Each structure stands twice: as C-alpha cells, then as structure tokens.
Amino acid sequence: MMIGVAGFSRHIGQLLSKSNGFIAASLSAASCADEAEKAEGAGCRDDAAALRLKWIAMAAILVSGVMGVGLPLAGRKRRTVQTGSAVFVAAKAFAAGVILATGFVHMLHDAEHALSNPCLPAGPWRRFPFPGFVAMLAALATLVLDVLVTRFYETKHRAEVARVKADAAAALAAASTSASDEDITVVTVVESEHKVPLLQAHSHSHAQSHGHELMQPQGREGEVSDHVRSVVVSQILEMGIVSHSVIIGLSLGVSRSPCTIRPLVAALSFHQFFEGFALGGCIAQAQFKNLSAVMMASFFAITTPTGIAAGAGLSSFYNANSPRALVVEGILDSVSAGILIYMALVDLIAADFLGGKMTGSPRQQVMAYVALFLGALSMSSLAVWA
C-alpha cells in the first residue's frame, strides 16, 4: 500500500514538473512572439513606406556624418580652431562626452536588450551579465592594443630618424671629399609639420671657415609621443565607432515598420553628426595627410548608410529576433561599448584633464568642463528616440 502511494506521488510530481515546464515554455514563446510583434511595429507594417523611409534615412545620415566629421577637418587650418586653441579644447571635450555617453547609454543598453531578449534561452544568456563582462574584456583588450600600437609607431619613428641621420652623415662625408672650397653642401635634418624627418640641402661658400653642420631633428620626444598617441587614438576610436555603426544600420534596414523607422531618422542623424564630430576632432589632432584623413572620414560616413542598405536587402528573410542574430548583435554592441568607454575615459578625458594639458586660463578650463558635460548629456538625450 505504501509503495503504491509513493509511486502515485512520484507520478503526480512528474506531471506537475512537466506541466510547469510546458507553462514556462509557453510563456517564453508568447514573450518572444510579443517581442517580435513589437519589433515589427505592432500592426504598422508597410514594406513600401518603410523602403521610402530607408532611402531618406540613408541620405540624411550620410549628410549628417559628412558634416560632423568634416567640420573639424575643414577648420584645422584656421587659427581659431588649431590644436591648443580654446575652441579646439572645448570641441575635443565635447567629443569626449559624446563618446562616453555612446558607450554607457547607447551601446551597453542595446547589448543588454539583445542578450536578455526572451527569444534567447535562459541559459546561459540570462543567467550571467554577459554585456558588462564582454565590455570589460573589450576594454582590457583595447588597453593591450593601445600599448602595442603606440610602441610600434614610436619604434618606427625612431628608426626613421636614425635612417635620416645616417643619410645626412653620408651626404656630408661625400660632400667634404668631392666638393670644392667654394661649394660645400650643408645637409640639415628637420621635421615637417607631420613629424616626418626631411633632408634639406643648401650651399655654403667658404666652407673651411664655416665648416660642416648637421642639425638634429627639432621635434622633442614628448611632441613625438603626443603625435603618436593622437594617431593611435583616432584609429582605435574609428574601429569602435564603425563596428557599432554597422549594427545600427542593419537594425534600421531590416525593420519593415514605418512607425519604427520614422523617429529613428532624425535621432540617428544627430547621433551620426555627434560621433562624426568626435572622430573628426581626433583625426584633425593626429595631423594625417589630406588623403588619409579623407579616407578615414569617408569610411566613417558611409558605414551606417551601407548597413541600412544591406539590412534592406536582407529584410525579406532576415529574422532580427533569431537567437543567432541576437547573440551576434549583443556581443558586438558589448565590444563596442568597452572600446568606446576605454577610449573616452583613458585617451580623451584623463589624458587632457589629468595629464597637464589643460593649462589655459580658468575660463578656458571651465569651458572645457561645460563642453564635456554638454556632450555627454546631448548624446544621452538621444536615447529617448534611438
């Protein structure tokens, strides 16, 4: 009798366990369906209208990106916005705030939303804080990359200076043995505007009295390091911005709901303008040659519109709520967040505000702090729409 009761109780327990699992699965499926319906605009689906808005979005975002990244580059030759001026310092502080808010407010939030989506299985994605963990790993990896690339550029620069010095010494030796007393060539080693060593030759008469002259590069080691840091910061920053711009473009491109796309057009245009302004300021400070600066600016400007176009082409069969798409989106957003947070705090804010570069008047320093907070708040406010 006791065995029968125990068996019956065990059978009831199994039934209850199965029913609880069925109910949980049903609720999960219902939540996933609700999420998919919400993503599609909850009854606002219109493929033709959505496609028209995507074309408008591509044009508006492209123009905004070009304007944002182009303003600092176009003004770098003007005296009022050259490196070290009050306008440039304030603009760079504003850009640092924009990048910081992009990482904390936009990227981390999007990663959390993707990796906590009910369409994903509970284990392991909703049982561990993957967005913060991946962002932390990305920030540490950016630190390692930052150090390695900086050392690479510094070693390359030192080797280039040594080669120029050797060439100059060889030219002097050849000149001293072959030239007449009335025509001795003096080789001077100088540095160009972009910290690239150059050889300059000019004639010296009466060389016996004047002698041979070899001038050392005029740039100091600290200036070289600052230039190298600016190059590295601009390149890594562009990598972090471009990686999440692709995700933003794809997300908008695959949407088939005009109700979802319409508010994003203006929000993402401002988003692209602010990010472009931040990146353009870093490119201007790095003093790239015109061709390199234009290529970096163009690559940034076309990334989001290209992502929109790709998403529009994939929208007929791409499921943004599939587990694979959600995981890829969440991981990439987390990586972008880690990169941008590191770059903003370490290479932009700490380097300027704590590294002794903020040496202007008290008014200029106050303007820089105001610009920093204004940039962070402006970019954060866009999270209401995008």
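Just so you know, these numbers come straight off a predicted model, no measurement behind them.
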Looking at Ser251 and Glu329, what are the two nearest heavy atoms and their distance? OG-OE2, 4.0 Å
Determine the minimum heavy-atom distance between Ser334 and Ala111, stating which atoms define it. OG-CB, 3.2 Å
Is there a side chain to side chain contact (heavy atoms under 4.5 Å, CB included) between Tyr153 and Val232 once you walk through the steps? CA-CA 8 Å; Tyr153 275 109; Val232 174; 3.8 Å; yes
Identify the two heavy atoms, one from Met343 and one from Leu237, that lie closest to each other, and give their separation to 0.1 Å. CE-N, 4.0 Å
If you define the side chain from C-beta out and look only at heavy atoms, does anything of Phe299 sit under 4.5 Å from Val242? yes
Applying side chain to side chain contact (heavy atoms under 4.5 Å, CB included), run through Thr150 and Glu154 and close with a yes or a no. CA-CA 6 Å; Thr150 301; Glu154 288 178 342; 3.9 Å; yes
Side-chain contact, heavy-atom cut-off 4.5 Å: Pro121 with Trp125? yes
Verify same cluster id: Ile248, Trp55 (apolar side-chain graph, 4.5 Å): yes
If two hydrophobic side chains count as joined below 4.5 Å and joins carry through other members, does Val134 share a cluster with Leu332? no
Anything under 30° is parallel, anything over 60° is perpendicular, the rest tilted; go ahead and classify His271 against His244. perpendicular
Evaluate the side-chain proximity of Ile283 to Phe300: yes if any heavy-atom separation is below 4.5 Å, no if none is. no
Is there a continuous path of hydrophobic side-chain contacts, each under 4.5 Å between heavy atoms, that joins Val228 to Phe152? yes
Donor-acceptor contact below 3.5 Å, side chain Arg256 vs main chain Ala312: no
Identify whether Val335 and Leu145 are in the same connected component of the hydrophobic contact network (ILVMFWY, side-chain heavy atoms under 4.5 Å). yes
Assigning hydrophobic clusters by single linkage (Ile, Leu, Val, Met, Phe, Trp, Tyr; side-chain heavy-atom cutoff under 4.5 Å), is Val89 placed with Val366? no
Do any N or O atoms from the side chain of Arg262 and from the backbone of Ala50 form a donor-acceptor pair under 3.5 angstrom? no
Pairwise side-chain contact, Phe288 with Met295, heavy-atom cut-off 4.5 Å (strictly under): no
Using 0.5 Å steps for rounding, measure from the CZ atom of Phe277 to the NZ atom of Lys92. 12.5 Å
Phe130 and Phe128 aromatic ring geometry - parallel, tilted or perpendicular at 30°/60° bounds: perpendicular
Does Ser336 form a side chain to side chain contact (heavy atoms under 4.5 Å, CB included) with Asp110? I'd like the steps, not just the answer. CA-CA 11 Å; Ser336 297; Asp110 291 346; over 6 Å; no
Please examine the side chains of Ile341 and Leu108, heavy atoms only from C-beta on, and report whether any two atoms are closer than 4.5 Å. yes
Within the 4.5 Å heavy-atom criterion, are Val105 and Met379 side-chain neighbours or not? no
Atom CE of Met67 with >12 non-hydrogen neighbours under 6.0 angstrom: no
Where do Leu382 and His106 land on the side chain to side chain contact (heavy atoms under 4.5 Å, CB included) test, with the steps shown first? CA-CA 9 Å; Leu382 294 181; His106 292 267; 4.1 Å; yes
From Ile308 atom CD1 to Leu252 atom CG, the distance as rounded to the nearest 0.5 Å: 5.0 Å
Which heavy atom of Ala114 sits nearest to which heavy atom of Leu326, and what is that distance? CB-O, 3.7 Å
Check: Ser255 main-chain N/O paired with Lys54 side-chain donor or acceptor under 3.5 Å: yes
If you define the side chain from C-beta out and look only at heavy atoms, does anything of Arg158 sit under 4.5 Å from Thr155? yes
Reported CZ-to-OG distance for the pair Phe274 and Ser64, which is rounded to 0.5 angstrom: 10.0 Å
To the nearest 0.5 Å, what is the distance between CD on Gln287 and OG on Ser230? 7.5 Å
Return the minimal non-hydrogen interatomic distance between Leu73 and Ala297, and the atom names on each side. CD1-CB, 3.9 Å
Interatomic spacing from OG in Ser243 to CD1 in Ile247 - rounded to 0.5 Å: 8.0 Å
Roughly how far, to the nearest 0.5 Å, is the CE atom of Met367 from the CD atom of Gln364? 7.5 Å
Which pairs with one or both residues in residues 137-149 pass salt bridge (charged side-chain N to carboxylate O under 4.0 Å, His left out), sequence neighbours excluded? Asp146-Arg229
Quick one: are Leu143 and Tyr342 in side-chain contact, heavy atoms under 4.5 Å? yes
Where Pro263 and Thr260 come nearest, the two heavy atoms and their spacing: CD-O, 3.5 Å
Please name the residue in the list Leu279, Ile236, Ile339 that meets the side chain to side chain contact (heavy atoms under 4.5 Å, CB included) test with Ile241. Leu279
